[in-house]
Enquirer: 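Pasting in a structure now, in structure tokens, and then I'll have a few things to ask.
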Amino acid sequence: MATINDNYLKLKAGYLFPEIARRVNTFAADNPDASIIRLGIGDVTEPLPAACRQAMIQAVEEMGDRTTFKGYGPEQGYTWLREKIAAQDFQARGADIDASEIFISDGSKCDTGNILEIFGHNNTIAVTDPVYPVYVDTNVMAGNTGAVNDQGEYAGLVYLPISAENNFTAEIPSQKVDLIYLCFPNNPTGAVATKAHLQAWVDYAKANNSIIFFDAAYEAYITDPNIPHSIYEIPGAREVAIEFRSFSKNAGFTGTRCALTVIPKTLTAKAADGADVELWKLWNRRQSTKFNGVSYIVQKGAEAVYSADGQSQIQTLVNFYLENAKIIRQQLTTAGLQVYGGVNAPYVWVKTPNGISSWEFFDKLLQTVNVVGTPGSGFGAAGEGYFRISAFNSRENVETAMERITTRLSL
Ligand code: MLT
């Protein structure tokens, strides 16, 4: 008889965002006249940059001509894209990353989950609390955890609480952990990490032979020139970190799909026999077996991000969403709410008023002003009492949502 991966039965009922969508759809069905504004999931709304569109159109034409047609591409991604990424995203910032260490993929969400395949099941794994739920759920699916408790915490994971008291940056653990997930600018809190903070993590990882999974999907939103964009700006990081990046949030590729993962060739972990094994080789083996690469057309679109026009157009996009974040911050502050993030990140992290729970605030916002956000408790037990508002939307929707909250919601 066929059996299932029982680890899936340990998962909480639904992934956070589909669960929110389910509740919103139920409300919409019961209230067909409600004009609902969705500031929940961090999905972009503005069109693709012209430079990317033109490059993709050109690539489509090439695919229509047998002399320029492309079949399977290299599993790791086309060299012309990886070289531009290495030069402009890393080397230009003093980060010593070579094109051969970059793997193009169809998403950071997939890569942060799939990366677990090349690691053993006996690692001690640390996540912040609150945290992007993908890191936790993929560990549950992989069988790296025990059961979930009433607070939504899985046995076997080390939770590092982040809160206003520690500027939403986790304390370095006193115990030894093997794998650590860090996300900066942070989803969900919008916090950023200083060089000193990341250096402390790199030093910890070196001392403990740990590996940091560094999710930099929102790096384009960093406005403070002193904040590092890549963990490889930190000395020693090549020996301890894997970095994940995305074209979703800077160039609007959430529907187009393109991302990258960096695995320095200097990064190793132990085999069962004690040998040091290059993780780059394992990931290359995994990708060349299970992945056929991102389409030529999409990689051409991603390459255009690195042209002069592309750079200026993505900056315009990022500035647009950052202006939304500023409006959200200002309006919610005026309404008397305590807000965090939203300066170097597209997310504003809000303390719920009068100690009400995250889901109570979700219901109140949905039912009284028809605005959707994300309950902080959906990101972990320590997110209870917080609420995330995404700046990814049209200016009109953001202004209307804030106007409804400030004038029609009694807090
Ligand atoms: C979010 O809302 O947290 C985003 O959708 C994360 C993602 O890009 O998967």
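Counting begins at 1 with the first residue of the sequence. Both ligands and their constituent atoms are indexed starting at 1 by order of listing.
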Enquirer: Taking 4.0 angstrom as the limit and counting only heavy atoms of F17, give me the atoms of ligand 1 inside it, by number and element.
Expert: 1 (C), 2 (O), 3 (O)
Enquirer: Heavy-atom distances under 4.0 Å are what count here, so tell me which part of N187 touches ligand 1: side chain, backbone, both or neither.
Expert: side chain
Enquirer: Taking both backbone and side-chain atoms of F379, is any N or O found less than 3.5 Å from an N or O belonging to ligand 1?
Expert: no
Enquirer: Within the structure, is a non-hydrogen atom of D43 found at a distance of less than 4.0 Å from ligand 1?
Expert: no
Enquirer: Can you tell if the side chain of R257 reaches within under 4.5 Å of the side chain of S248, non-hydrogen atoms only?
Expert: yes
Enquirer: Test your reading of the structure: does K249 have an N or O sitting under 3.5 Å from an N or O of ligand 1?
Expert: yes
Enquirer: Give the numbers and elements of all ligand 1 atoms closer than 4.0 Å to a heavy atom of Y347.
Expert: 1 (C), 2 (O), 3 (O), 4 (C)
Enquirer: When you measure from the centre of the six-membered ring of F90, is the NZ or CZ of R245 under 6.0 Å away and within 45° of the axis?
Expert: yes
Enquirer: Go through ligand 1 atom by atom and flag the ones less than 4.0 Å from a non-hydrogen atom of I41.
Expert: 2 (O), 5 (O)
Enquirer: Are W280 and V262 close enough that some pair of their side-chain heavy atoms sits under 4.5 Å apart?
Expert: no
Enquirer: May I ask you to list the atoms of ligand 1 that are less than 4.0 angstrom from any heavy atom of G42?
Expert: 1 (C), 2 (O), 4 (C), 5 (O)
Enquirer: Using modelled atom types only, decide if a donor and an acceptor are shared between the side chain of Q76 and the backbone of S100 within a distance under 3.5 Å.
Expert: yes
Enquirer: Would you say that Q331 contacts I405 through its side chain, given a criterion of any heavy-atom pair below 4.5 Å between the two side chains?
Expert: no
Enquirer: To the nearest 0.5 Å, what is the distance between OG (S357) and CG (D363)?
Expert: 8.0 Å
Enquirer: When you check the gap from the basic side-chain N to the acidic O, do E360 and K364 get nearer than 4.0 Å?
Expert: no
Enquirer: Is there a polar contact between ligand 1 and K109, counting only N or O atoms under 3.5 Å apart?
Expert: no
